[in-house]
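Predicted model, so just to flag it, every value in this text is computed and none were measured. Proteins come first, then strands; the chains are lettered A, B, ... in the order of their sequence lines, and each starts at number 1. Values below: all heavy atoms of this structure, side chains included; hydrogens, waters and symmetry mates excluded.
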Amino acid sequence: MRLRGAIAALALAGGLAAGPAPADVTVQDAWIAEPPPGAPAAAGYLTLVNPGEAPRALVAAASPACERVELHRTRVVDGVARMRPLERLEVPPGGSARLEPGGAHLMLMRPQGLKVGQTVLLELRFADGERLEVQAPVRRREGHGHSHH
Amino acid sequence: MENTPNAWSARRSPPWLPLGAAIALVVLALAIAFALLLVRVAPAPAPDVGPGATLLPAPRALPEFALMDQDGEAFDLRRLQGRWSFLFFGYTSCPDVCPGTLAVLRDVHAELADAGIGVEETQFVFVSVDPDRDTPERLREYVSYFHRDFVGATGAPQQLDRLTRFLGVHHRRSRTEGDPDYLLDHTSAVLLIDPAARLSAVLSDPHDPHEIADSFRRIRSLGGLT
(Lines give C-alpha, C1' and ligand atoms only; values in the text may rest on other atoms or scores of the structure.)
Protein backbone atom coordinates (compact mmCIF):
# COMPACT_ATOMS: atom_id res chain seq x y z
CA MET A 1 0.00 0.00 0.00
CA ARG A 2 2.70 2.41 1.06
CA LEU A 3 4.81 1.45 -1.96
CA ARG A 4 1.93 1.98 -4.37
CA GLY A 5 1.28 5.37 -2.81
CA ALA A 6 4.93 6.31 -3.25
CA ILE A 7 4.86 5.26 -6.90
CA ALA A 8 1.74 7.29 -7.47
CA ALA A 9 3.33 10.30 -5.80
CA LEU A 10 6.47 9.92 -7.91
CA ALA A 11 4.45 9.63 -11.05
CA LEU A 12 2.48 12.71 -10.12
CA ALA A 13 5.67 14.64 -9.31
CA GLY A 14 7.27 13.54 -12.57
CA GLY A 15 4.18 14.60 -14.49
CA LEU A 16 4.15 17.97 -12.81
CA ALA A 17 7.86 18.50 -13.45
CA ALA A 18 7.45 17.82 -17.17
CA GLY A 19 4.30 19.94 -17.34
CA PRO A 20 1.08 18.59 -18.79
CA ALA A 21 2.32 17.25 -22.12
CA PRO A 22 -0.16 18.66 -24.68
CA ALA A 23 -1.55 15.90 -26.82
CA ASP A 24 -0.84 16.89 -30.39
CA VAL A 25 -3.54 18.09 -32.69
CA THR A 26 -3.73 15.83 -35.71
CA VAL A 27 -4.75 16.70 -39.24
CA GLN A 28 -7.04 14.55 -41.35
CA ASP A 29 -8.21 14.69 -44.95
CA ALA A 30 -6.16 17.73 -45.95
CA TRP A 31 -6.62 18.66 -49.61
CA ILE A 32 -6.36 21.60 -51.94
CA ALA A 33 -9.07 22.18 -54.54
CA GLU A 34 -7.38 22.53 -57.91
CA PRO A 35 -7.85 26.19 -58.83
CA PRO A 36 -9.12 26.99 -62.33
CA PRO A 37 -6.32 28.43 -64.49
CA GLY A 38 -5.84 32.12 -63.83
CA ALA A 39 -7.72 32.02 -60.52
CA PRO A 40 -5.77 34.15 -58.04
CA ALA A 41 -6.75 32.05 -55.04
CA ALA A 42 -7.12 28.37 -54.19
CA ALA A 43 -8.95 26.84 -51.26
CA GLY A 44 -7.56 24.30 -48.79
CA TYR A 45 -9.66 22.03 -46.60
CA LEU A 46 -8.85 19.71 -43.68
CA THR A 47 -10.08 18.40 -40.36
CA LEU A 48 -8.28 19.15 -37.10
CA VAL A 49 -8.64 16.64 -34.28
CA ASN A 50 -7.76 17.59 -30.72
CA PRO A 51 -7.31 14.48 -28.52
CA GLY A 52 -6.01 16.59 -25.62
CA GLU A 53 -7.75 18.18 -22.67
CA ALA A 54 -6.89 21.77 -23.52
CA PRO A 55 -8.65 23.83 -26.18
CA ARG A 56 -6.55 24.58 -29.23
CA ALA A 57 -7.01 27.14 -31.94
CA LEU A 58 -5.72 27.44 -35.50
CA VAL A 59 -4.71 31.06 -36.04
CA ALA A 60 -2.63 31.13 -39.24
CA ALA A 61 -1.14 29.05 -42.01
CA ALA A 62 1.59 29.32 -44.62
CA SER A 63 2.75 27.41 -47.68
CA PRO A 64 5.67 27.59 -50.09
CA ALA A 65 3.15 26.94 -52.90
CA CYS A 66 1.61 30.40 -52.73
CA GLU A 67 2.23 33.99 -51.76
CA ARG A 68 0.36 33.77 -48.48
CA VAL A 69 -2.38 31.80 -46.79
CA GLU A 70 -5.45 33.38 -45.21
CA LEU A 71 -8.02 31.81 -42.97
CA HIS A 72 -11.60 32.51 -44.05
CA ARG A 73 -15.12 31.45 -43.39
CA THR A 74 -18.01 31.43 -45.84
CA ARG A 75 -21.48 32.02 -44.51
CA VAL A 76 -24.66 32.20 -46.52
CA VAL A 77 -26.96 34.75 -44.90
CA ASP A 78 -30.33 35.45 -46.53
CA GLY A 79 -29.15 33.84 -49.75
CA VAL A 80 -25.98 35.95 -49.93
CA ALA A 81 -22.60 34.23 -49.63
CA ARG A 82 -20.25 36.26 -47.45
CA MET A 83 -16.61 35.34 -47.02
CA ARG A 84 -14.84 36.90 -44.07
CA PRO A 85 -11.36 36.54 -42.57
CA LEU A 86 -11.39 34.18 -39.60
CA GLU A 87 -9.20 35.21 -36.66
CA ARG A 88 -9.04 31.75 -35.16
CA LEU A 89 -10.64 28.37 -35.54
CA GLU A 90 -11.26 26.71 -32.18
CA VAL A 91 -10.61 22.99 -31.84
CA PRO A 92 -12.33 21.93 -28.60
CA PRO A 93 -10.69 19.38 -26.28
CA GLY A 94 -11.63 15.88 -27.34
CA GLY A 95 -13.27 17.34 -30.43
CA SER A 96 -12.55 18.42 -33.96
CA ALA A 97 -12.96 21.34 -36.33
CA ARG A 98 -13.55 21.06 -40.06
CA LEU A 99 -12.39 23.30 -42.83
CA GLU A 100 -14.73 22.34 -45.65
CA PRO A 101 -16.33 23.66 -48.84
CA GLY A 102 -18.88 26.31 -48.00
CA GLY A 103 -17.49 26.76 -44.47
CA ALA A 104 -14.15 27.64 -42.92
CA HIS A 105 -11.28 27.24 -45.35
CA LEU A 106 -7.69 28.17 -46.09
CA MET A 107 -7.30 30.66 -48.91
CA LEU A 108 -4.03 30.22 -50.77
CA MET A 109 -3.31 33.55 -52.41
CA ARG A 110 -1.68 33.51 -55.85
CA PRO A 111 -1.00 29.79 -55.95
CA GLN A 112 1.77 28.71 -58.27
CA GLY A 113 0.18 26.58 -60.96
CA LEU A 114 -1.36 23.93 -58.73
CA LYS A 115 -2.50 20.85 -60.63
CA VAL A 116 -4.23 17.63 -59.65
CA GLY A 117 -1.60 15.11 -58.58
CA GLN A 118 0.67 17.63 -56.90
CA THR A 119 1.12 17.84 -53.16
CA VAL A 120 1.24 21.09 -51.24
CA LEU A 121 3.09 21.59 -47.97
CA LEU A 122 0.96 23.47 -45.45
CA GLU A 123 2.23 24.83 -42.17
CA LEU A 124 -0.52 25.29 -39.61
CA ARG A 125 0.07 27.68 -36.73
CA PHE A 126 -1.79 27.40 -33.45
CA ALA A 127 -2.54 29.96 -30.75
CA ASP A 128 -0.14 28.24 -28.32
CA GLY A 129 2.75 28.62 -30.76
CA GLU A 130 2.71 25.05 -32.00
CA ARG A 131 3.38 24.60 -35.71
CA LEU A 132 2.24 21.57 -37.62
CA GLU A 133 3.26 20.60 -41.13
CA VAL A 134 1.00 18.61 -43.38
CA GLN A 135 1.12 17.48 -47.00
CA ALA A 136 -2.11 18.24 -48.84
CA PRO A 137 -2.80 16.65 -52.22
CA VAL A 138 -4.35 18.79 -54.96
CA ARG A 139 -7.69 17.30 -55.95
CA ARG A 140 -10.45 18.10 -58.41
CA ARG A 141 -13.42 19.71 -56.74
CA GLU A 142 -16.50 17.51 -56.79
CA GLY A 143 -19.98 18.86 -57.42
CA HIS A 144 -21.76 16.47 -55.13
CA GLY A 145 -21.32 16.74 -51.39
CA HIS A 146 -20.87 20.47 -51.79
CA SER A 147 -22.71 22.18 -48.94
CA HIS A 148 -22.85 25.34 -46.95
CA HIS A 149 -23.01 25.56 -43.22
CA MET B 1 -76.56 22.67 2.33
CA GLU B 2 -76.89 22.75 -1.43
CA ASN B 3 -75.42 19.31 -1.78
CA THR B 4 -78.55 17.40 -1.01
CA PRO B 5 -79.89 14.50 -3.11
CA ASN B 6 -82.66 16.83 -4.22
CA ALA B 7 -80.30 19.53 -5.44
CA TRP B 8 -78.20 16.91 -7.19
CA SER B 9 -81.15 15.44 -9.06
CA ALA B 10 -82.21 18.97 -10.03
CA ARG B 11 -78.79 19.56 -11.63
CA ARG B 12 -78.82 16.34 -13.63
CA SER B 13 -80.30 18.03 -16.63
CA PRO B 14 -79.81 21.75 -16.30
CA PRO B 15 -81.92 23.78 -18.71
CA TRP B 16 -78.83 25.30 -20.46
CA LEU B 17 -77.37 21.95 -21.52
CA PRO B 18 -79.42 21.33 -24.70
CA LEU B 19 -78.91 24.95 -25.78
CA GLY B 20 -75.13 24.75 -25.18
CA ALA B 21 -74.89 21.52 -27.12
CA ALA B 22 -76.84 23.04 -29.99
CA ILE B 23 -74.57 26.10 -30.11
CA ALA B 24 -71.48 23.90 -30.03
CA LEU B 25 -72.84 21.82 -32.91
CA VAL B 26 -73.62 24.91 -34.98
CA VAL B 27 -70.15 26.34 -34.36
CA LEU B 28 -68.57 23.03 -35.32
CA ALA B 29 -70.66 22.81 -38.48
CA LEU B 30 -69.72 26.38 -39.43
CA ALA B 31 -66.04 25.66 -38.84
CA ILE B 32 -66.16 22.57 -41.04
CA ALA B 33 -68.04 24.47 -43.75
CA PHE B 34 -65.48 27.30 -43.59
CA ALA B 35 -62.57 24.87 -43.78
CA LEU B 36 -64.11 23.17 -46.81
CA LEU B 37 -64.65 26.57 -48.43
CA LEU B 38 -61.00 27.49 -47.82
CA VAL B 39 -59.83 24.30 -49.47
CA ARG B 40 -62.00 25.02 -52.52
CA VAL B 41 -61.04 28.69 -52.78
CA ALA B 42 -57.29 28.24 -52.18
CA PRO B 43 -55.26 28.22 -55.39
CA ALA B 44 -53.92 24.92 -56.60
CA PRO B 45 -50.67 24.19 -54.77
CA ALA B 46 -47.50 25.12 -56.67
CA PRO B 47 -46.11 22.14 -58.54
CA ASP B 48 -43.38 20.30 -56.67
CA VAL B 49 -40.17 21.07 -58.54
CA GLY B 50 -37.78 19.76 -55.92
CA PRO B 51 -36.49 20.84 -52.52
CA GLY B 52 -34.05 23.57 -53.57
CA ALA B 53 -36.08 25.07 -56.39
CA THR B 54 -38.61 27.88 -56.20
CA LEU B 55 -40.78 28.21 -59.28
CA LEU B 56 -42.10 31.69 -60.00
CA PRO B 57 -45.93 31.74 -60.11
CA ALA B 58 -45.56 33.52 -63.46
CA PRO B 59 -42.26 33.81 -65.33
CA ARG B 60 -40.88 37.36 -65.53
CA ALA B 61 -39.43 38.70 -68.78
CA LEU B 62 -35.87 39.99 -68.36
CA PRO B 63 -35.02 43.58 -69.34
CA GLU B 64 -32.56 44.51 -72.08
CA PHE B 65 -28.90 44.48 -71.01
CA ALA B 66 -25.52 44.62 -72.76
CA LEU B 67 -22.67 42.48 -71.47
CA MET B 68 -19.68 40.87 -73.18
CA ASP B 69 -18.80 37.19 -73.21
CA GLN B 70 -15.43 35.51 -72.72
CA ASP B 71 -14.66 35.81 -76.46
CA GLY B 72 -15.48 39.52 -76.60
CA GLU B 73 -18.85 38.88 -78.26
CA ALA B 74 -21.98 40.74 -77.18
CA PHE B 75 -23.90 38.93 -74.47
CA ASP B 76 -27.38 40.41 -74.36
CA LEU B 77 -31.03 39.43 -74.02
CA ARG B 78 -30.99 37.61 -77.36
CA ARG B 79 -28.33 35.24 -76.02
CA LEU B 80 -30.86 34.04 -73.46
CA GLN B 81 -33.54 33.26 -76.05
CA GLY B 82 -34.16 29.87 -77.59
CA ARG B 83 -32.89 27.66 -74.77
CA TRP B 84 -32.86 27.30 -71.01
CA SER B 85 -30.07 29.17 -69.20
CA PHE B 86 -28.58 28.50 -65.79
CA LEU B 87 -27.22 31.84 -64.54
CA PHE B 88 -24.78 32.15 -61.67
CA PHE B 89 -23.24 35.40 -60.44
CA GLY B 90 -19.81 35.49 -58.82
CA TYR B 91 -16.16 36.37 -59.46
CA THR B 92 -13.04 34.43 -60.36
CA SER B 93 -11.07 35.51 -57.26
CA CYS B 94 -13.63 33.68 -55.12
CA PRO B 95 -11.94 30.44 -53.96
CA ASP B 96 -14.77 28.60 -52.24
CA VAL B 97 -18.39 29.31 -53.20
CA CYS B 98 -17.93 30.13 -56.92
CA PRO B 99 -15.77 27.16 -57.95
CA GLY B 100 -17.98 24.99 -55.73
CA THR B 101 -21.14 26.11 -57.51
CA LEU B 102 -19.52 25.85 -60.95
CA ALA B 103 -18.40 22.30 -60.10
CA VAL B 104 -22.06 21.58 -59.26
CA LEU B 105 -23.17 23.06 -62.60
CA ARG B 106 -20.49 21.05 -64.41
CA ASP B 107 -22.07 17.92 -62.93
CA VAL B 108 -25.60 19.15 -63.76
CA HIS B 109 -24.44 19.67 -67.35
CA ALA B 110 -23.04 16.13 -67.43
CA GLU B 111 -26.20 14.60 -65.97
CA LEU B 112 -28.44 16.46 -68.42
CA ALA B 113 -26.15 15.57 -71.33
CA ASP B 114 -26.36 11.90 -70.31
CA ALA B 115 -30.15 12.27 -70.42
CA GLY B 116 -29.93 13.64 -73.95
CA ILE B 117 -30.45 17.27 -72.96
CA GLY B 118 -27.53 19.03 -74.63
CA VAL B 119 -26.21 22.43 -75.65
CA GLU B 120 -29.03 23.07 -78.10
CA GLU B 121 -31.43 23.11 -75.13
CA THR B 122 -29.40 24.48 -72.22
CA GLN B 123 -26.52 26.83 -71.50
CA PHE B 124 -24.59 27.58 -68.35
CA VAL B 125 -23.55 31.20 -67.80
CA PHE B 126 -21.18 32.53 -65.16
CA VAL B 127 -21.72 36.29 -64.84
CA SER B 128 -18.83 38.05 -63.13
CA VAL B 129 -19.87 40.92 -60.89
CA ASP B 130 -16.18 41.90 -60.70
CA PRO B 131 -15.52 43.50 -64.12
CA ASP B 132 -12.47 45.39 -62.78
CA ARG B 133 -10.49 42.18 -62.35
CA ASP B 134 -12.36 39.69 -64.54
CA THR B 135 -11.30 40.45 -68.09
CA PRO B 136 -12.74 38.37 -70.96
CA GLU B 137 -9.39 36.51 -71.14
CA ARG B 138 -9.49 35.60 -67.47
CA LEU B 139 -13.14 34.57 -67.74
CA ARG B 140 -12.37 32.37 -70.76
CA GLU B 141 -9.66 30.45 -68.86
CA TYR B 142 -11.85 30.21 -65.81
CA VAL B 143 -15.16 29.00 -67.25
CA SER B 144 -13.60 26.64 -69.81
CA TYR B 145 -11.89 24.84 -66.92
CA PHE B 146 -15.35 23.68 -65.80
CA HIS B 147 -16.65 22.97 -69.30
CA ARG B 148 -15.73 24.13 -72.78
CA ASP B 149 -19.36 25.06 -73.43
CA PHE B 150 -19.72 27.23 -70.33
CA VAL B 151 -20.21 30.92 -70.99
CA GLY B 152 -18.53 33.69 -69.02
CA ALA B 153 -19.92 37.21 -69.21
CA THR B 154 -19.41 40.57 -67.58
CA GLY B 155 -19.69 44.24 -68.43
CA ALA B 156 -20.04 47.78 -67.22
CA PRO B 157 -21.42 48.12 -63.67
CA GLN B 158 -24.63 49.82 -64.82
CA GLN B 159 -25.30 47.02 -67.32
CA LEU B 160 -24.61 44.38 -64.68
CA ASP B 161 -26.95 46.21 -62.34
CA ARG B 162 -29.78 46.17 -64.91
CA LEU B 163 -29.62 42.41 -64.74
CA THR B 164 -28.82 41.88 -61.06
CA ARG B 165 -31.48 44.32 -59.80
CA PHE B 166 -34.14 42.65 -61.91
CA LEU B 167 -33.10 39.20 -60.73
CA GLY B 168 -32.71 40.23 -57.09
CA VAL B 169 -29.02 39.34 -57.17
CA HIS B 170 -27.01 41.09 -54.50
CA HIS B 171 -23.31 41.88 -54.93
CA ARG B 172 -21.08 44.18 -52.93
CA ARG B 173 -17.40 44.57 -52.15
CA SER B 174 -16.52 43.67 -48.59
CA ARG B 175 -12.97 45.01 -48.40
CA THR B 176 -11.70 48.52 -48.88
CA GLU B 177 -11.25 49.89 -52.39
CA GLY B 178 -7.48 50.08 -52.06
CA ASP B 179 -7.02 46.36 -51.38
CA PRO B 180 -6.28 44.51 -54.63
CA ASP B 181 -7.51 41.31 -52.98
CA TYR B 182 -10.94 42.67 -52.10
CA LEU B 183 -13.74 40.17 -51.62
CA LEU B 184 -17.33 40.31 -52.83
CA ASP B 185 -20.51 39.27 -51.10
CA HIS B 186 -22.84 37.81 -53.69
CA THR B 187 -26.10 35.91 -54.04
CA SER B 188 -25.45 32.19 -53.96
CA ALA B 189 -28.57 31.05 -55.86
CA VAL B 190 -28.54 29.82 -59.45
CA LEU B 191 -31.25 31.39 -61.61
CA LEU B 192 -33.09 29.45 -64.25
CA ILE B 193 -34.09 31.46 -67.31
CA ASP B 194 -36.61 29.93 -69.72
CA PRO B 195 -36.19 29.91 -73.53
CA ALA B 196 -38.30 33.10 -73.78
CA ALA B 197 -35.66 34.90 -71.65
CA ARG B 198 -37.89 34.98 -68.59
CA LEU B 199 -36.90 34.23 -65.01
CA SER B 200 -38.52 30.87 -64.36
CA ALA B 201 -37.08 29.54 -61.10
CA VAL B 202 -34.58 30.23 -58.35
CA LEU B 203 -32.32 27.32 -57.37
CA SER B 204 -31.22 27.94 -53.80
CA ASP B 205 -28.14 26.99 -51.87
CA PRO B 206 -27.07 24.34 -50.87
CA HIS B 207 -26.71 23.01 -54.37
CA ASP B 208 -26.70 19.36 -55.35
CA PRO B 209 -26.13 18.44 -59.00
CA HIS B 210 -28.69 15.65 -59.06
CA GLU B 211 -31.35 17.76 -57.32
CA ILE B 212 -30.80 20.63 -59.76
CA ALA B 213 -30.94 18.32 -62.79
CA ASP B 214 -34.11 16.75 -61.41
CA SER B 215 -35.71 20.15 -60.70
CA PHE B 216 -34.85 21.28 -64.20
CA ARG B 217 -36.48 18.25 -65.79
CA ARG B 218 -39.61 18.80 -63.71
CA ILE B 219 -39.80 22.49 -64.59
CA ARG B 220 -39.22 21.80 -68.28
CA SER B 221 -41.95 19.14 -68.28
CA LEU B 222 -44.54 21.55 -66.86
CA GLY B 223 -45.32 22.58 -70.41
CA GLY B 224 -45.28 26.03 -71.84
CA LEU B 225 -42.12 26.75 -73.72
CA THR B 226 -39.65 24.09 -74.66
Side chains of [X] and [Y]: does their closest heavy-atom pair fall under 4.5 Å?
{"X": "R141(A)", "Y": "D96(B)", "answer": "yes"}
{"X": "R82(A)", "Y": "L184(B)", "answer": "no"}
{"X": "T92(B)", "Y": "P36(A)", "answer": "no"}
{"X": "R140(B)", "Y": "P37(A)", "answer": "no"}
{"X": "P95(B)", "Y": "H105(A)", "answer": "yes"}
{"X": "M83(A)", "Y": "S174(B)", "answer": "no"}
{"X": "R106(B)", "Y": "R140(A)", "answer": "yes"}

Does [atom1] in [X] sit with more than 12 non-hydrogen atoms of other residues, nucleotides or ligands closer than 6.0 Å?
{"X": "R68(A)", "atom1": "CZ", "answer": "yes"}
{"X": "Q112(A)", "atom1": "CD", "answer": "yes"}
{"X": "D78(A)", "atom1": "CG", "answer": "no"}
{"X": "R83(B)", "atom1": "CZ", "answer": "yes"}

Exercise for the section: Taking all heavy atoms of L183(B) and all of M107(A), pick out the closest pair and write down the distance. Expected result: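 Smallest heavy-atom distance, with atoms named: CD2-CE, 4.0 Å.
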
Handout entry: Closest contact, heavy atoms only, R138(B) versus P40(A)
Key =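 Shortest heavy-atom contact: NH2-CG, 3.1 Å.
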
Problem - Ion pair check, R110(A) and D181(B), cut-off under 4.0 Å - result: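 Salt bridge: yes.
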
Handout entry: Pair R75(A) + D185(B): basic N to acidic O under 4.0 Å
Key =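 Looking at D185(B) together with R75(A), the answer is no, because their closest N to O distance does not fall below 4.0 Å.
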
Practice task
Side chain from CB out, backbone as N, CA, C, O: work out which of these in A33(A) comes under 4.5 Å of a heavy atom of chain B, or both, or neither.
Solution key: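 It is neither, since no heavy atom gets under 4.5 Å.
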
Handout entry: Proximal component of E70(A), with respect to chain B [non-hydrogen, under 4.5 Å]
Key =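 Side chain only.
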
Exercise for the section: Give the member of P35(A), A81(A), A41(A) that has the highest number of heavy-atom pairs under 4.5 Å with chain B. Expected result: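 Answer, by heavy-atom pair count under 4.5 Å with chain B: A81(A).
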
Practice task
Side chain from CB out, backbone as N, CA, C, O: work out which of these in S93(B) comes under 4.5 Å of a heavy atom of chain A, or both, or neither.
Solution key: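 For S93(B), backbone and side chain are both near chain A.
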
